[in-house]
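Supplied in structure tokens, the structure appears directly below.
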Amino acid sequence: MIDSQSFKDDVVARFRYYKLLADKTFSQLSHNEMLQMPSTESNSVAIIVQHMYGNMMSRFTNFLTEDGEKSWRKRDAEFEPMDVSKQDLLDFWETGWSTVFSVIESLTPEQLLQDVTIRSEKLKAYDAILRQLAHYSYHIGQIVFIGKLIRNEGWSNLSVPKGGSAQFNQQMKEGKTEGGGKV
């Protein structure tokens with residue numbers, strides 16, 4: 001059986017890994033590139049950041065005591081372009097993550113087993129956290145993919161490069177690189 005501290009450490013490490021992928025993508029994109037939409041039915045990186053910020057603030061504010069879908073959240077507005085700078089987007093991003101990490105790191109073993117609700121659905125707190133891990137990694141995958149589309153040949157790889165698996169695996173065996181969640 002896994003203890004609650006190990007769960008929190010592991011889930012925070014996973015969140016931090018996915019956040020880092022997005023951070024490395026943001027560093028490669030200009031403000032205008034963050035606003036680009038690959039198609040009329042897709043979202044820009046900026047819109048995904050807006051949505052994730054709204055979700056993080058809604059889900060993790062009063063995590064144990066209120067429904068994760070707050071009445072003050074304007075979810076539909078998260079998908080509308082906002083007139084904000086790249087720095088504003090990065091500030092939203094950091095504030096959202098700070099809230100997520102602060103809540104998760106503060107939970108006691110008993111609280112991880114407590115019932116919470118999201119849109120009136122009852123979940124154990126640890127399951128609600130896992131739900132958010134899946135949600136955020138899904139959107140971060142979109143952010144990275146959009147970044148790759150926009151930067152194309154100018155893209156700096158974030159993980160094991162194409163054709164580099166054997167070399168990476170050898171370095172892992174030799175202890176010359178950290179796994180760090182690389183896929």
Side-chain angles (χ1 to χ4, degrees), residues 1-31 33-34 36 38-39 42-53 55-56 59-60 63 86-87 89-109 111-113 123-183:
M1 176 154 222
I2 193 162
D3 67 271
S4 63
Q5 189 59 51
S6 292
F7 171 80
K8 290 189 322 183
D9 291 346
D10 290 346
V11 79
V12 165
R14 293 291 174 201
F15 275 122
R16 288 193 188 283
Y17 171 71
Y18 288 113
K19 178 185 181 295
L20 180 62
L21 290 177
D23 290 342
K24 288 181 175 182
T25 300
F26 301 152
S27 72
Q28 297 186 53
L29 300 175
S30 69
H31 179 249
E33 289 170 328
M34 290 182 78
Q36 288 182 25
S39 71
S42 58
N43 293 309
S44 67
V45 168
I47 286 176
I48 296 169
V49 169
Q50 291 168 194
H51 166 61
M52 288 183 67
Y53 167 74
N55 182 278
M56 291 171 174
R59 296 295 185 262
F60 285 95
F63 176 70
K86 180 177 179 179
Q87 188 58 55
L89 291 167
L90 296 177
D91 290 346
F92 294 154
W93 181 253
E94 292 300 329
T95 298
W97 281 110
S98 177
T99 301
V100 169
F101 293 135
S102 174
V103 168
I104 293 172
E105 290 167 347
S106 73
L107 295 172
T108 66
Q111 289 171 326
L112 283 169
L113 296 172
L123 304 152
K124 293 296 181 193
Y126 73 86
D127 191 31
I129 292 167
L130 292 173
R131 175 180 164 158
Q132 295 315 116
L133 177 62
H135 183 210
Y136 300 159
S137 64
Y138 166 81
H139 284 306
I140 290 168
Q142 293 174 323
I143 289 169
V144 172
F145 184 71
I146 293 168
K148 287 173 117 176
L149 285 174
I150 291 168
R151 300 295 300 153
N152 202 16
E153 286 90 11
W155 177 254
S156 294
N157 193 48
L158 306 181
S159 185
V160 181
K162 287 182 184 179
S165 295
Q167 180 183 4
F168 180 81
N169 290 342
Q170 186 60 39
Q171 288 174 335
M172 287 291 291
K173 284 180 186 178
E174 295 171 3
K176 293 181 180 175
T177 186
E178 296 180 32
K182 294 198 186 280
V183 290

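For the numbers below, each heavy atom of this structure counts, side chains included, while hydrogens, waters and symmetry mates do not.
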Query raised in the report: Between CG of Leu158 and NZ of Lys148, what distance do you get to the nearest 0.5 Å?
Result: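 Leu158 atom CG to Lys148 atom NZ measures 7.5 Å (nearest 0.5 Å).
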Query raised in the report: Considering all heavy atoms of both residues, which atom of Thr25 and which atom of Gly147 are nearest to each other, and what is their separation?
Result: CG2-CA, 4.1 Å
**Report entry** Flag, side chain of Ser98 to backbone of Glu94, donor-acceptor distance under 3.5 Å
**Finding:**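 No, the answer is negative, given that no donor and acceptor are paired below the 3.5 Å cut-off.
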Report task. Determine whether Asn43 and Gln50 make a side-chain contact, defined as any pair of heavy atoms from C-beta on separated by less than 4.5 Å. Result -> no
Query - Heavy-atom side-chain contact between Met172 and Val160 under 4.5 Å - result: no
Report task. Kindly determine whether Gln36 and Leu149 satisfy side-chain contact (heavy atoms from CB on, under 4.5 Å), including the steps that lead there. Result -> CA-CA 10 Å; Gln36 288 182 25; Leu149 285 174; over 6 Å; no
Report summary line: Contacts of Phe63 meeting ring pair (Phe, Tyr, Trp, His ring centres under 6.0 Å) (sequence neighbours excluded), chain-then-number -> Phe60
Query - Separation between CG of Leu130 and NZ of Lys124, rounded to the nearest 0.5 Å - result: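 Leu130 CG to Lys124 NZ: 14.0 Å, rounded to 0.5 Å.
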**Report entry** Flag, side chain of Ser102 to backbone of Thr99, donor-acceptor distance under 3.5 Å
**Finding:** no
Query raised in the report: Side-chain contact, heavy-atom cut-off 4.5 Å: Phe145 with Val45?
Result: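 Phe145 vs Val45: side chains apart.
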Query - Listed partners of Gln111 passing side chain to side chain contact (heavy atoms under 4.5 Å, CB included), at least two apart - result: Leu64, Leu107, Thr108, Gln114
Report task. Heavy atoms only: give me the nearest Ile104-Val11 pair and the separation to one decimal. Result -> CG2-CG1, 4.0 Å
Requested in this report: Verify the neighbour count for atom CD of Gln167: are there more than 12 heavy atoms of other residues, nucleotides or ligands below 6.0 Å?
Outcome: no
Report task. Please round to the nearest 0.5 Å and tell me the distance separating atom CG of Leu113 and atom CG of Asp127. Result -> 11.5 Å
**Report entry** Basic-acidic side-chain contact under 4.0 Å: Lys86, Glu33
**Finding:** no
Report task. Given side-chain contact (heavy atoms from CB on, under 4.5 Å), test Leu112 with Ile129 step by step and report yes or no. Result -> CA-CA 9 Å; Leu112 283 169; Ile129 292 167; 4.0 Å; yes
Query raised in the report: Would Trp97 and Arg16 satisfy side-chain contact (heavy atoms from CB on, under 4.5 Å), going step by step from the backbone distance to the final call?
Result: CA-CA 9 Å; Trp97 281 110; Arg16 288 193 188 283; over 6 Å; no
Show me the side-chain donor-acceptor pairs of residues 136-144 shorter than 3.5 Å, one per line, residues at least two apart or across chains.
residue, atom, partner, partner atom, Å
Tyr136, OH, Asn55, OD1, 2.7
Tyr136, OH, Gln132, NE2, 3.1
Ser137, OG, Leu133, O, 3.1
Ser137, OG, Ala134, O, 3.1
Tyr138, OH, Gln142, NE2, 3.4
His139, ND1, Gln142, OE1, 2.6
His139, NE2, His51, NE2, 3.4
His139, NE2, His135, NE2, 3.0

Query - Gap between atom CG of Leu89 and atom CG of Leu29 - 0.5 Å precision - result: 11.0 Å
Requested in this report: Considering non-hydrogen atoms only, spot the tightest contact between Ser44 and Ile146 and give its length.
Outcome: C-CD1, 4.4 Å
